[in-house]
Amino acid sequence: MNEIVSYFSTIPSSHRSLILVSGITIFWLIENAFPLFNFTYKKWHHAGINIFLTLTTIIINFLLAFVLLIAADWTITNDFGILQWLPEIPLWLYVLIGLLLLDLIGAYLVHLIEHKTKFLWRFHIIHHTDNWIDTTTANRHHPGESIIRFAFTTLGVLIVGSPMWMVFLYQTLSVIATQFNHANIALPKKWDTIMSYFIVSPDMHKVHHHYKLPYTDSNYGNIFSVWDRLFGTFRTLPKEEIVYGIDTHMNMEEHNKLNNLLKIPFQKQRSPEKNYTP
């Protein structure tokens with residue numbers, strides 16, 4: 001554990017970029033070999049849109065990284081935050097508690113609020129417009145949403161009292177987890193079910209991408225599944241019944257064109273498409 005702390009205390013930006021690219025590549029290859037759904041779509045066009053939005057997220061996080069650094073340093077200097085107020089405990093438990101709390105505030109909470117707040121939903125909806133969920137969907141976020149999520153990550157750092165190395169560790173695990181649970185891969189049902197008691201499994205997260213309520217408003221977790229189970233937002237749905245997308249934007253001209261995706265938050269909100277039949 002000390003070696004992990006030491007590594008993430010000095011992790012180069014190049015290593016973090018390599019982890020992101022490697023994750024997409026590995027899960028891309030696996031989902032091609034063992035797909036959950038056999039999509040008929042232009043995979044490279046679809047990937048191009050999602051990778052562009054991933055790059056905007058990376059740029060925003062890079063430009064604002066100094067805010068996280070200041071926040072983390074301030075909590076340590078001022079002995080502020082939950083981790084700083086804990087009694088002396090084993091390092092592994094300290095890390096686990098920190099990761100769980102960062103996941104609660106920086107992922108689960110912001111995700112829930114985005115679904116429940118009309119203004120924030122305008123930006124988050126871009127993630128849900130994807131009709132072909134695969135590993136590239138993981139960071140399909142409107143630039144506006146990337147700023148919103150960064151704000152909650154910063155809030156999480158302050159409340160948790162997280163040192164910067166833990167933030168880097170959490171972000172690394174978060175990238176891998178979200179690429180994994182979005183990947184279009186077919187795991188044995190028993191494996192997936194057992195996994196879903198501890199972390200967000202692929203089948204568990206796919207329910208969240210079903211095109212209509214109440215399933216859209218469920219399974220908000222990112223790394224750990226405990227929050228959905230604890231707060232009653234956990235749902236299941238047989239994969240045969242899952243239809244990807246969001247019922248207000250099922251038209252390919254809207255969800256598969258980058259220029260329109262960037263405009264959606266500023267367009268008039270609409271009701272579900274009543275004539276759509278999956």
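Because the structure is a prediction, the values reported are computed rather than measured.
Under the 4.5 Å side-chain criterion, counting only non-hydrogen atoms from C-beta, Leu68 is in contact with Val157. In this structure, Ile264 and His249 have side chains that are in contact, with non-hydrogen atoms separated by less than 4.5 Å.
Partners of Lys118 by salt bridge (Lys or Arg N to Asp or Glu O under 4.0 Å), not counting sequence neighbours: none found. Applying the side-chain contact (heavy atoms from CB on, under 4.5 Å) rule to Pro238 yields the partners Glu240, Glu241; only residues at least two apart in sequence or on another chain are considered. Residues satisfying the salt bridge (Lys or Arg N to Asp or Glu O under 4.0 Å) criterion with Asp103, sequence neighbours excluded, are absent altogether. Residues satisfying the side-chain contact (heavy atoms from CB on, under 4.5 Å) criterion with Trp92, sequence neighbours excluded, are Met1, Pro90, Leu96. Judged as a ring-ring contact (aromatic ring centres under 6.0 Å, His included), and not counting sequence neighbours, the contacts of His255 are Trp132. Residues passing the ring-ring contact (aromatic ring centres under 6.0 Å, His included) test with His142 are Phe123, sequence neighbours excluded.
No donor-acceptor distance shorter than 3.5 angstrom exists from the side chain of Ser146 to the backbone of Ile60, with no hydrogens or angles considered. Remark: side-chain polar atoms of Asp192 are paired, donor with acceptor, to backbone N or O of Asp203 under 3.5 angstrom. Proximity of a side-chain donor or acceptor of Ser196 to a complementary backbone N or O of Thr193 within less than 3.5 Å is detected. Counting only distance, with no hydrogens or angles, the side chain of Gln84 and the backbone of Asp79 share no donor-acceptor pair below 3.5 Å. Side-chain atoms of His45 come within 3.5 Å of backbone atoms of Asn256 as a donor-acceptor pair (strictly under, hydrogens ignored).
A chain of hydrophobic side-chain contacts below 4.5 Å, direct or via other Ile, Leu, Val, Met, Phe, Trp or Tyr residues, connects Phe52 to Ile126. Cluster annotation: Ile147 is connected to Val167 through the hydrophobic network of ILVMFWY side chains, with a link wherever side-chain heavy atoms come within less than 4.5 Å.
Applying the salt bridge (Lys or Arg N to Asp or Glu O under 4.0 Å) test to every pair with at least one member in residues 168-187, sequence neighbours left out, gives no pairs at all. Under the salt bridge (Lys or Arg N to Asp or Glu O under 4.0 Å) criterion, the residue pairs touching residues 210-230 are Lys116-Asp217, with sequence neighbours excluded. Applying the ring-ring contact (aromatic ring centres under 6.0 Å, His included) rule to pairs touching residues 146-175 yields nothing, sequence neighbours excluded.
Minimum interatomic distance between His205 and Gly221 (heavy atoms only, all atoms of both residues): ND1-O, 4.1 Å. The two atoms that bring Asn131 and Thr129 nearest to each other are OD1-O, 3.0 Å, heavy atoms only. For the pair Thr135 and Phe27, the tightest heavy-atom approach, listed with the atom from each and the gap, is OG1-CB, 3.5 Å. In plain terms, the two heavy atoms of Thr75 and Ser162 that are nearest each other are OG1-O, 3.8 Å. The shortest non-hydrogen separation linking Glu114 to Ile148 is OE2-CG2, 4.0 Å.
Between the side chains of Thr178 and His182, at least one donor N or O lies within less than 3.5 Å of an accepting N or O. Donor-acceptor pairing under 3.5 Å is lacking for the side chains of Thr54 and Asn139. For the residue pair Thr57 and Arg149, no side-chain donor N or O sits within less than 3.5 Å of a side-chain acceptor on the partner. A side-chain donor-acceptor contact under 3.5 Å links His46 and Asp130. Side-chain contact check for Asn260 and Gln267: at least one donor-acceptor pair (N or O, by modelled atom type) lies under 3.5 Å. Side-chain atoms of His208 and His111 include a donor-acceptor pair closer than 3.5 Å.
For Phe119, the CZ atom sits in a loose shell: 12 or fewer heavy atoms of surrounding residues, nucleotides or ligands are nearer than 6.0 Å.
Clustering of Ile, Leu, Val, Met, Phe, Trp and Tyr side chains at separations under 4.5 Å places Leu158 together with Trp74, Phe80, Trp85. Grouped by direct or indirect side-chain proximity (heavy atoms under 4.5 Å, Ile/Leu/Val/Met/Phe/Trp/Tyr only), Phe234 sits with Val200, Met204.
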Ignoring hydrogens and angles, write down the donor-acceptor pairs under 3.5 Å from the side chains of residues 35-42, residues two or more places apart or on other chains.
| from | atom 1 | to | atom 2 | distance (Å) |
| --- | --- | --- | --- | --- |
| Tyr41 | OH | Lys43 | NZ | 3.2 |
| Tyr41 | OH | Asp134 | OD2 | 2.9 |

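Aromatic ring centroids of His128 and Trp121 lie under 6.0 Å apart.
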Problem set entry | Phe231 vs Tyr108, ring pair (Phe, Tyr, Trp, His ring centres under 6.0 Å): CA-CA, chis, key distance, verdict | CA-CA 10 Å; Phe231 297 121; Tyr108 179 88; 5.7 Å; yes
